[in-house]
Amino acid sequence: MYKKKANITVSFSWIFMIIIGTFFIVVAYNVISTYQQNEEAKYELELKNTLRNVFNLVGTTTGIEEEKMEPLGRVFRNSEVEIICFENNPLLSINGRLDANNEYLRNYPTFMTYIKQGRLDETYLAVGNFRMPFKTSNLLAIVSKNNYIILDDSSTISLLFIEKFRKTGAFEDLTLIVTNINSFDSDFYESLRRSGANSIMFISDEHINIDPQWENLRQRAYHLQIENPGNSYGNIIYKDKDGNSFTFPYIDFDNSLSLITMAAFSSPGTFNCSYNRLFDLTTSAYEFKINKTQYFISLLDNSVSLCSPSMGGVGLQNLSYVEVLEKLEEIKLYIETNNFNNPVQLYNLIRQLDDLQKDKLEVFNCPYIY
C-alpha cells in the first residue's frame, strides 16, 4: 500500500513537471514569436521609411539635376529583392513577400534586375531625368555592385556609356567590365560563372552577337542591344537566355541616355512595367504645360502684354502661344494613342515644339512654357 502511494506521488510529480515544462515552452515560444514579429514589423517600418524618404528626396527635385546614386544603406540586408510586375503595377518583393502598399514605386518609374544582399552595404538608388523636351519624370533604379554590367568593346553604345559614367561620376561604385562579348575567353567566362554576381547585363549595339556560352551562366543574364546609339530615337532590344526577345521604342531627346541607362539596370519584365508608367507621367506633364499655356492665352485675351514690344501687339503674342498650345495637345494625344511607337514621328513633333518655344517665345522674352 505504501509502495502504491509512492508510485502515485512520483506520477503526479512527473505530470506536474510536464505541465510546468510545457507552460515554460509555450511562454518561451510566445516570447520568441512576439520578438520575431516585432523585429519583422520594425524592419518593414524601417524599410518603408527609408525607401519613402529616399524616393521622395529624389522625386521632388526639379530642374536639370546631375545624375546620381543614393546609398540605401543596409535596408535590404540578408534579403533577396526584386520588382514584380502584377497587372501593370510594380510590387517590391523582399524574400518572396510582396509589398502591395509600395506607393513609392507607383509615383516614379522604378527599374531593377535582382539583388541578393548579405550584410554589406552594396545597394543604391540611381536617379536620372527623362525629358521630351522638358522634364516629365525622374527615373529611378535600385542597383547593386553585384549587378554586373558587361560592355562590348566594339560597340558605340559602350563608348557613350563610358563617357557618360566618366562625366557624371554618379555610377563609379557599379561593377563595369569592358570586353569582347562576341567571344569569351574561357577564364573570363569561368570567372563570371563563379562570381558573386546577382545578375549580368551584356550591352552592345544592335546586330552584335554574344558568345553562346552566356546561356550556361547560372546567374540571371540578359543581352541588351541598342538600335541607333547616339541618335535621339531608336529601339531598346532585350534578349534572355531562353531565346526570348523584347523590343521597346525609345526617345532620347537630350542625348542623356536616360531611358537606355535604366534599361541597363533592369530586367525586361520590370522595364516593361515602369516603361508603361512613364507614358502616364509624360501625358500628365503635358497636361500641366497645356494648362499653363491656356493661362497665358487667357491673359492675352484680356489685353495683358506678355512679351517684348519688338514682337508686336497682344494679337501676335496670342498667335504664338496658340501655336505652342496646339503642338502640346498634338503630342499629348499622340502619346496617349501610340505610346512611344514610331519614335521618328514622335521625335519630330517634340522638335517642332522645342523650336516654337525658342523661336516664338524665348527670342521675344515671353514667359516660357518650360
Review point. Heavy atoms, side chains only, cut-off 4.5 Å: are Ile181 and His223 in contact?
Key: yes
Practice item. Check whether any side-chain heavy atom of Val81 lies under 4.5 Å from a side-chain heavy atom of Tyr114, and answer yes or no. Key: no
Check your understanding: Is Lys292 salt-bridged to Glu287, going by a charged N under 4.0 Å from an acidic O?
Key -> no
Practice item. Could you check if a side-chain atom of Ile142 sits within less than 4.5 angstrom of a side-chain atom of Thr123, using non-hydrogen atoms only? Key: yes
Review point. When rounded to the nearest 0.5 angstrom, what is the spacing between CG in Asn272 and CZ in Arg277?
Key: 14.5 Å
Check your understanding: Between Ser158 and Thr156, is there a donor-acceptor pair closer than 3.5 Å when you use the side chain of the first and the backbone of the second?
Key -> no
Point to revise | Spacing of CD belonging to Gln294 relative to CG belonging to Leu325, to within rounding of 0.5 Å | key: 5.5 Å
Check your understanding: Got a donor-acceptor contact below 3.5 angstrom from the Asp205 side chain to the Ser155 backbone?
Key -> no
Check your understanding: What class does the angle between the rings of Tyr275 and Phe340 fall in, given that below 30° is parallel, 30 to 60° is tilted and above 60° is perpendicular?
Key -> perpendicular
Check your understanding: Should Leu346 and Tyr334 be marked as a side-chain contact (heavy atoms from CB on, under 4.5 Å) after you check the CA-CA gap, both sets of side-chain angles, and the distance that decides it?
Key -> CA-CA 8 Å; Leu346 180 55; Tyr334 187 92; 3.8 Å; yes
Going by atom type alone, with no hydrogens or angles, which donor-acceptor pairs under 3.5 Å involve a side-chain atom of residues 296-307 and a protein atom two or more places apart or on another chain?
| unit_1 | atom_1 | unit_2 | atom_2 | d |
| --- | --- | --- | --- | --- |
| Ser298 | OG | Tyr295 | O | 2.5 |
| Asp301 | OD1 | Asn318 | ND2 | 2.9 |
| Asn302 | ND2 | Ser298 | O | 2.8 |
| Ser305 | OG | Gln317 | NE2 | 3.1 |

Check your understanding: For Asn146 and Glu122, does a side-chain donor sit closer than 3.5 Å to a side-chain acceptor?
Key -> yes
**Study point:** Side-chain heavy-atom pair Ile331, Leu353 within 4.5 angstrom cut-off
**Key:** yes
Exercise for review: Could you tell me whether the side chain of Tyr321 reaches within less than 4.5 Å of the side chain of Leu361, counting heavy atoms only?
Suggested key: yes
Check your understanding: Checking side-chain contact (heavy atoms from CB on, under 4.5 Å) for the pair Ile83/Leu91: CA distance, chi angles, key distance, verdict?
Key -> CA-CA 6 Å; Ile83 293 176; Leu91 300 177; over 6 Å; no
Exercise for review: Could you tell me whether the side chain of Asn348 and the main chain of Val344 form a donor-acceptor pair under 3.5 Å?
Suggested key: yes
Review point. Going from OG on Ser232 to CZ on Phe253, what distance comes out if it is rounded to the nearest 0.5 angstrom?
Key: 7.0 Å
Check your understanding: Within the distance-only criterion (no hydrogens, no angle test), does the side chain of Ser195 pair as donor or acceptor with the backbone N or O of Arg193 below 3.5 angstrom?
Key -> no
Practice item. Using atom types as modelled and distance alone, determine if a side-chain donor or acceptor of Thr175 lies under 3.5 Å from a backbone N or O of Lys145. Key: yes
Check your understanding: Sub-3.5 Å donor-acceptor pair from the side chain of Asp252 to the main-chain atoms of Leu257, do we have one?
Key -> yes
Practice item. With salt bridge (Lys or Arg N to Asp or Glu O under 4.0 Å) as the test, would you mind laying out the steps for Glu82 and Arg220 before giving the verdict? Key: CA-CA 12 Å; Glu82 60 184 316; Arg220 302 187 188 193; 2.9 Å; yes
Point to revise | Phe134-Tyr370 aromatic ring centre distance below 6.0 Å | key: yes
Check your understanding: Ion pair present between Asp355 and Lys358, side-chain N to carboxylate O less than 4.0 angstrom?
Key -> no
Exercise for review: Begin from the C-alpha positions of Lys327 and Glu323 and carry the test salt bridge (Lys or Arg N to Asp or Glu O under 4.0 Å) through to its verdict.
Suggested key: CA-CA 6 Å; Lys327 192 58 62 178; Glu323 284 186 69; over 6 Å; no
**Study point:** Thr247 vs Ile236 side-chain heavy atoms within contact, under 4.5 Å
**Key:** no
Review point. According to the interplanar angle, ranging from 0 to 90°, do the rings of Phe271 and Phe248 count as parallel (below 30°), tilted (30 to 60°) or perpendicular (above 60°)?
Key: perpendicular
Check your understanding: Under 4.5 Å between side-chain heavy atoms, hopping through other hydrophobics if needed: is there a path connecting Tyr250 to Ile208?
Key -> no
**Study point:** Between CD1 on residue Ile335 and OG1 on residue Thr283, distance to nearest 0.5 Å
**Key:** 7.0 Å
**Study point:** Check: Lys241/Asn244 side-chain N/O donor and acceptor closer than 3.5 Å
**Key:** no
Practice item. Before accepting this row, confirm whether a basic side-chain N of the pair Glu329/Lys332 lies closer than 4.0 Å to the acidic partner's carboxylate O. Key: no
Study note, to complete from the structure: The side chain to side chain donor-acceptor pair (under 3.5 Å) partner of Thr113 among Ser199, Ser266, Ser144 is Ser199
Study note, to complete from the structure: Closest heavy-atom pair, Phe171 versus Thr261, reported as atoms and distance to 0.1 Å, is CZ-CG2, 4.4 Å
Check your understanding: Is there a path of hydrophobic side-chain contacts, each under 4.5 Å between heavy atoms of I, L, V, M, F, W or Y residues, that connects Leu333 with Ile251?
Key -> no
Exercise for review: Dump the intermediate steps for side-chain contact (heavy atoms from CB on, under 4.5 Å) on Ile150 and Ile203, then the final yes or no.
Suggested key: CA-CA 6 Å; Ile150 314 294; Ile203 301 176; over 6 Å; no
Practice item. Tell me whether Ile157 is reachable from Ile200 by hopping between hydrophobic residues (I, L, V, M, F, W, Y) whose side-chain heavy atoms are closer than 4.5 Å. Key: no
Review point. Are Ile350 and Ile290 grouped together when hydrophobic residues (ILVMFWY) are joined by side-chain heavy atoms under 4.5 angstrom apart?
Key: yes
**Study point:** Flag, side chain of Asn129 to backbone of Asn138, donor-acceptor distance under 3.5 Å
**Key:** no
Exercise for review: Write down the atom of Pro229, the atom of Leu160, and the distance for their closest heavy-atom approach.
Suggested key: C-CD1, 3.8 Å
Review point. Under the 3.5 angstrom rule, does the side chain of Asp185 hit a backbone N or O of Tyr189 as a donor-acceptor pair?
Key: no
Practice item. Just say parallel, tilted or perpendicular for the rings of Phe202 and Trp214, cut-offs at 30° and 60°. Key: perpendicular
Practice item. Please tell me if the side chains of Tyr238 and Met201 come closer than 4.5 Å, counting only heavy atoms from C-beta onward. Key: yes
Check your understanding: So, for Met262 and Ala141, which heavy atoms are closest and what is the spacing to 0.1 Å?
Key -> SD-CB, 3.6 Å
Check your understanding: Among the clusters formed by ILVMFWY side chains lying less than 4.5 Å apart, do Val178 and Phe188 turn up in the same one?
Key -> no
**Study point:** Non-hydrogen atoms of Ser245 and Lys239 that approach each other most closely
**Key:** OG-CG, 4.2 Å
Revision key, fill the gap. Distance col, row Thr179:OG1 vs Asp211:CG, nearest 0.5 angstrom, shows 10.0 Å
Review point. Does some side-chain heavy atom of Leu174 sit less than 4.5 Å from a side-chain heavy atom of Met69?
Key: yes
Check your understanding: How close do Ser320 and Met311 get, heavy atom to heavy atom, and via which atoms?
Key -> OG-CE, 2.8 Å
Check your understanding: Under the side-chain contact (heavy atoms from CB on, under 4.5 Å) criterion, do Tyr148 and Ile177 qualify, and how do the steps go?
Key -> CA-CA 8 Å; Tyr148 283 27; Ile177 300 172; 4.2 Å; yes
**Study point:** Under 3.5 Å donor-acceptor, Asn341 side chain and Asn338 backbone
**Key:** yes
Check your understanding: Which atom names give the shortest non-hydrogen contact between Ser274 and Pro109, and what distance separates them?
Key -> O-CB, 3.6 Å
Check your understanding: Is the backbone N or O of Ile237 less than 3.5 Å from a side-chain atom of Asn235, with the two atoms forming a donor-acceptor pair by type?
Key -> no
Check your understanding: Using a distance-only test with no angle check, is there a side-chain donor-acceptor pair under 3.5 angstrom linking Thr270 and Ser267?
Key -> yes
**Study point:** Nearest-0.5 Å distance that lies between atom OG1 in Thr168 and atom NZ in Lys68
**Key:** 12.5 Å
